[in-house]
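Taking it in order: structure first as structure tokens, then the write-up.
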Amino acid sequence: MMAYWLLKSEPDAWSWDQQVRKGAKGEPWTGVRNHSAKQNLMKMKTGERAFFYHSGVGRAIVGILEVVRAPYPDPTDPTATFVAVDVRAVEPLPKPVALADIKAEPRLAEMALLKHSRLSVQPVTAAQWKLICRMGGLNGGGSRL
DNA sequence: GCCAACGTTGGC
DNA sequence: GCCAACGTTGGC
């Protein structure tokens with residue numbers, strides 16, 4: 001079963017543009033230090049997709065990522081407790097979907113982004129994924145590349 | 001094992 | 001800059 005995800009980053013710390021510059025090889029998504037977030041990372045499989053959400057000054061879903069390496073020990077974690085995955089940028093949303101847009105859409109009221117706003121790695125349902133892709137100007141559900 | 005204090009995240 | 005949510009720490 002293909003699952004969908006949402007990964008959060010403050011653009012000052014790691015932005016979509018930086019991610020794009022890493023190209024097809026991708027880049028380790030490190031620094032997760034929360035056990036719920038870790039549990040979600042552990043479920044990720046190569047080939048699955050995730051939204052890239054800018055928290056803080058961005059507050060919008062700006063692009064689509066693909067998992068290119070399954071979970072492995074986070075090299076930045078000295079306690080060897082947490083895990084990382086590698087992700088690559090697939091494509092930007094032609095029209096970023098802002099947090100305000102998500103709040104204004106009743107069909108997205110159950111999103112983890114609203115219910116658990118501090119969780120940095122979140123699951124997204126297939127229905128939520130399709131709707132946000134459409135809101136963002138992607139009709140192919142982020143699958144056309 | 002409980003709980004107060006504290007630190008961090010992230011929206012506003 | 002403020003504050004709510006929430007995870008972690010440490011005293012008992």
Side-chain angles (χ1 to χ4, degrees), chain A residues 1-23 25-138 141-143:
Chain A
M1 229 259 289
M2 281 284 280
Y4 296 100
W5 309 98
L6 181 146
L7 296 175
K8 278 200 298 200
S9 178
E10 297 232 17
D12 292 345
W14 182 252
S15 71
W16 171 254
D17 286 347
Q18 286 174 291
Q19 181 72 53
V20 167
R21 272 182 243 126
K22 291 293 172 180
K25 187 165 67 73
E27 177 74 3
W29 193 274
T30 58
V32 169
R33 295 294 182 270
N34 170 284
H35 291 284
S36 300
K38 178 195 172 184
Q39 288 315 112
N40 289 327
L41 280 178
M42 295 288 285
K43 293 177 199 155
M44 290 190 186
K45 300 189 187 93
T46 303
E48 289 184 340
R49 302 260 159 141
F51 287 130
F52 191 115
Y53 176 77
H54 276 165
S55 61
V57 299
R59 265 172 289 143
I61 294 171
V62 293
I64 289 173
L65 300 167
E66 180 185 359
V67 179
V68 294
R69 183 176 170 191
Y72 58 96
D74 184 338
T76 70
D77 174 21
T79 69
T81 303
F82 293 97
V83 300
V85 296
D86 288 3
V87 291
R88 73 173 180 95
V90 176
E91 60 186 331
L93 291 191
K95 186 169 157 283
V97 177
L99 180 63
D101 301 330
I102 292 167
K103 285 192 168 174
E105 171 50 72
R107 285 172 289 175
L108 296 176
E110 296 303 311
M111 273 196 84
L113 193 63
L114 304 184
K115 298 217 143 184
H116 308 282
S117 62
R118 290 185 51 191
L119 185 59
S120 61
V121 181
Q122 313 181 348
V124 174
T125 69
Q128 291 163 353
W129 182 270
K130 276 185 199 149
L131 179 53
I132 289 169
C133 286
R134 208 172 307 130
M135 290 165 71
L138 286 179
S143 60

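A note on names: the letters A, B, ... follow the listed sequences, proteins ahead of strands, and every chain is numbered from 1. Side chains included, hydrogens not; waters and symmetry mates left out as well; all remaining heavy atoms used. These numbers were taken from a predicted model, which means no experiment stands behind them.
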Inset, instruction - Please work out whether the ring planes of A/F52 and A/W29 are parallel, tilted or perpendicular, with thresholds of 30° and 60°. - result: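 Answer is perpendicular, since the angle exceeds 60°.
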Gap between atoms [atom1] and [atom2], on [X] and [N] respectively (whole Å):
{"X": "A/L119", "N": "B/dG11", "atom1": "CG", "atom2": "C1'", "result": "16 Å"}
{"X": "A/W14", "N": "B/dG10", "atom1": "CH2", "atom2": "C1'", "result": "21 Å"}
{"X": "A/D12", "N": "B/dG11", "atom1": "CG", "atom2": "P", "result": "13 Å"}

Legend entry - Phosphate OP1/OP2 of B/dT9 contacted by A/K8 side-chain N/O (<4.0 Å):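 Negative; the distance criterion is not met.
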Legend entry - Under 4.0 angstrom between A/Y53 side-chain N/O and B/dG11 OP1 or OP2: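 So the side chain of A/Y53 is within the cut-off, an N or O lying under 4.0 Å from OP1 or OP2 of B/dG11.
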Inset, instruction - Please identify each residue that fulfils ring-ring contact (aromatic ring centres under 6.0 Å, His included) with A/Y53, with sequence neighbours left out. - result: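 Not a single residue meets the ring-ring contact (aromatic ring centres under 6.0 Å, His included) criterion with A/Y53.
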Inset, instruction - Could you tell me which residues satisfy side chain to side chain contact (heavy atoms under 4.5 Å, CB included) with A/K95, sequence neighbours excluded, listed by chain and number? - result: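 If we apply the side chain to side chain contact (heavy atoms under 4.5 Å, CB included) test to A/K95, skipping adjacent residues, there are no hits.
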Inset, instruction - Just jot down the side-chain hydrogen bond (donor to acceptor under 3.5 Å, both in side chains) partners of A/Q39, sequence neighbours excluded, or say none. - result: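 Per chain and number, A/Q39 pairs via side-chain hydrogen bond (donor to acceptor under 3.5 Å, both in side chains) with no residue.
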Legend entry - Residue list, side-chain hydrogen bond (donor to acceptor under 3.5 Å, both in side chains) with A/E27, at least two apart or on another chain: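 For A/E27 there are no side-chain hydrogen bond (donor to acceptor under 3.5 Å, both in side chains) partners, ignoring immediate neighbours.
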Name each donor-acceptor pair under 3.5 Å that joins a side chain in residues 67-77 of chain A to protein atoms two or more places apart or in another chain, with its distance.
| unit_1 | atom_1 | unit_2 | atom_2 | d |
| --- | --- | --- | --- | --- |
| A/Y72 | OH | A/D86 | OD1 | 2.5 |
| A/D74 | OD1 | A/T76 | N | 2.7 |
| A/D74 | OD1 | A/T76 | OG1 | 2.7 |
| A/D74 | OD2 | A/G31 | N | 2.9 |
| A/D74 | OD2 | A/R33 | NH1 | 2.9 |
| A/D74 | OD2 | A/T76 | OG1 | 3.3 |
| A/T76 | OG1 | A/R33 | NH2 | 3.0 |
| A/D77 | OD1 | A/T79 | N | 3.0 |
| A/D77 | OD1 | A/T79 | OG1 | 2.7 |
| A/D77 | OD2 | A/T79 | OG1 | 3.2 |
| A/D77 | OD2 | A/A80 | N | 3.4 |
| A/D77 | OD2 | A/T81 | N | 2.7 |
| A/D77 | OD2 | A/F82 | N | 2.7 |

Please list, pair by pair, any protein nitrogen or oxygen found under 3.5 Å from a nitrogen or oxygen in nucleotides 3-8 of chain C.
| unit_1 | atom_1 | unit_2 | atom_2 | d |
| --- | --- | --- | --- | --- |
| C/dA5 | N3 | A/R118 | NH1 | 2.7 |
| C/dC6 | O4' | A/R118 | NH1 | 3.1 |
| C/dC6 | O2 | A/R118 | NH1 | 2.7 |

